[in-house]
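Note that the numbering runs from 1 along the sequence shown for the chain.
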Amino acid sequence: MTTQTLPIDLYYAATPNGRKITIILEELGVPYSVHPISISRGDQFTPEFLAISPNNKIPAIVDPEGPDGKPISIFESGAILKYLAEKFGRFYGKSWAERVKIDEWLFWQVGGFGPMLGQANHFARYAKEKIPYAIDRYINETHRLYKVLNGQLGRQAAAGKDYIAGDDISIADFAILDWSNGYANYAIDESEFPHWLAWRDRMRARPGVARALAFQLPEKPVDISRDVEAQKVLFGQR
């Protein structure tokens, strides 16, 4: 099994995408150092960060013990999850067929569940002009995606499996968890989705997951709905 001597550098903000990576790092039990990136103040646009993450998004990592023992930087949360799972040989199934299923749900999250919930959150909470069509469109899609998630977890439960894909917990679970925690922002009634609720409780009960979710940065969170300068940084880029 691969061991890690030097800490992995994690460039992080306290968002669902950031927490995906603290979850896997805590579950792996490997050393890492957190480098806070204040996305509301524009840290993601500095030349130093862009050299690591050219899409100016968190999270990103630098592994000083990458392939062939050389440092490597990685951006995009899905790519980071896959890299860490493959490097340490955990949380990515035991067969090619199982990895295919894990990839399906990992890409479901990065391509749909995250972006659609993000749009629902934006139009319902942050948009200066409240557009009923946009709010309804994304909240309805959010509800549909929770239904898809609940259905998959129900099928897994019927097969005696506790997690989203394959026989055991995987990077798909890590990717989806904290995005799903924001259901209250989207008028989601959790009682509609009992399989999701049971899975969420199982995930939160894991010590590594609990440590990752409890981690707090020293910087006080910015109230984006009231901070005009933060809105310009986050929503005004072209």
With salt bridge (Lys or Arg N to Asp or Glu O under 4.0 Å) as the test, would you mind laying out the steps for R200 and E190 before giving the verdict? CA-CA 11 Å; R200 187 191 68 178; E190 64 182 26; 3.8 Å; yes

Quick check: does any side chain N or O of [X] sit under 3.5 Å from a backbone N or O of [Y], one acting as donor and the other as acceptor?
{"X": "E76", "Y": "G78", "result": "no"}
{"X": "T2", "Y": "K87", "result": "yes"}
{"X": "N150", "Y": "W196", "result": "yes"}
{"X": "D173", "Y": "S170", "result": "yes"}
{"X": "E27", "Y": "V209", "result": "yes"}

Derivation and outcome, side-chain contact (heavy atoms from CB on, under 4.5 Å), residues R137 and Q119: CA-CA 9 Å; R137 163 75 179 93; Q119 294 296 338; over 6 Å; no

For the pair D103 and K82, evaluate side-chain contact (heavy atoms from CB on, under 4.5 Å) and give the outcome as yes or no after the intermediate values. CA-CA 9 Å; D103 280 347; K82 288 194 67 173; 3.6 Å; yes

Is the shortest heavy-atom distance from the side chain of [X] to the side chain of [Y] under 4.5 Å?
{"X": "F88", "Y": "L84", "answer": "yes"}
{"X": "F49", "Y": "I37", "answer": "yes"}
{"X": "P59", "Y": "I80", "answer": "yes"}
{"X": "N140", "Y": "T142", "answer": "no"}
{"X": "F91", "Y": "I169", "answer": "yes"}
{"X": "D63", "Y": "Y83", "answer": "yes"}
{"X": "F235", "Y": "H122", "answer": "yes"}
{"X": "L153", "Y": "D162", "answer": "no"}

Is it true that [X] and [Y] have a side-chain N and a carboxylate O under 4.0 angstrom from each other?
{"X": "E104", "Y": "K101", "value": "yes"}
{"X": "K147", "Y": "E192", "value": "no"}
{"X": "D168", "Y": "K161", "value": "no"}

Over all heavy atoms of both residues, which pair between [X] and [Y] is shortest? Give the atoms and the distance, please.
{"X": "Y146", "Y": "W179", "value": "OH-O, 4.0 Å"}
{"X": "K20", "Y": "S77", "value": "NZ-OG, 2.8 Å"}
{"X": "A13", "Y": "L217", "value": "CA-CD1, 4.4 Å"}
{"X": "I72", "Y": "G66", "value": "CG2-CA, 3.9 Å"}
{"X": "I58", "Y": "N17", "value": "O-CB, 4.2 Å"}
{"X": "R125", "Y": "K130", "value": "O-NZ, 4.0 Å"}

Evaluate the side-chain contact (heavy atoms from CB on, under 4.5 Å) criterion for residues Q156 and Q152: first the C-alpha distance (whole Å), next the side-chain angles of each, then the deciding distance (0.1 Å), finally the verdict. CA-CA 6 Å; Q156 286 286 90; Q152 171 63 7; 3.7 Å; yes

Mind checking whether [X] and [Y] have ring centres under 6.0 Å apart?
{"X": "Y138", "Y": "H143", "result": "no"}
{"X": "W199", "Y": "Y163", "result": "no"}
{"X": "Y11", "Y": "F75", "result": "no"}

Any chance you could lay out the side chain to side chain donor-acceptor pair (under 3.5 Å) test for S53 and N55, step after step, and finish with the verdict? CA-CA 5 Å; S53 181; N55 194 35; over 6 Å; no

Could you verify whether a donor N or O on one side chain and an acceptor N or O on the other, from R19 and N181, lie under 3.5 Å apart?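 Side chains of R19 and N181: no pair found under 3.5 Å.
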
In terms of side-chain heavy atoms, does E26 have a donor or acceptor partner in Y32 at a distance below 3.5 Å? yes

Separation between [atom1] of [X] and [atom2] of [Y], rounded to the nearest 0.5 Å:
{"X": "R99", "Y": "I171", "atom1": "CZ", "atom2": "CD1", "answer": "10.5 Å"}
{"X": "S180", "Y": "L149", "atom1": "OG", "atom2": "CG", "answer": "6.5 Å"}
{"X": "L177", "Y": "M203", "atom1": "CG", "atom2": "CE", "answer": "4.5 Å"}
{"X": "Q109", "Y": "L145", "atom1": "CD", "atom2": "CG", "answer": "10.5 Å"}
{"X": "I176", "Y": "L106", "atom1": "CD1", "atom2": "CG", "answer": "8.0 Å"}
{"X": "I52", "Y": "D9", "atom1": "CD1", "atom2": "CG", "answer": "8.0 Å"}

Are Y92 and F107 connected in the hydrophobic side-chain network, where two residues link if heavy atoms are under 4.5 Å apart? yes

Taking V148 as the starting point, is it possible to reach I164 by hopping between hydrophobic residues whose side chains are less than 4.5 Å apart?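 Yes, one cluster joins them.
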
Can you confirm whether K70 is buried at NZ, in the sense that more than 12 heavy atoms of other residues, nucleotides or ligands lie under 6.0 Å from that atom? no

Tell me whether the count of non-hydrogen atoms from other residues, nucleotides or ligands lying under 6.0 Å of CD in Q237 goes above 12. yes

Name of the residue among I102, I74, I23, I21 meeting side chain to side chain contact (heavy atoms under 4.5 Å, CB included) with L81: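 It is I21, the one option of I102, I74, I23, I21 that forms the side chain to side chain contact (heavy atoms under 4.5 Å, CB included) with L81.
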
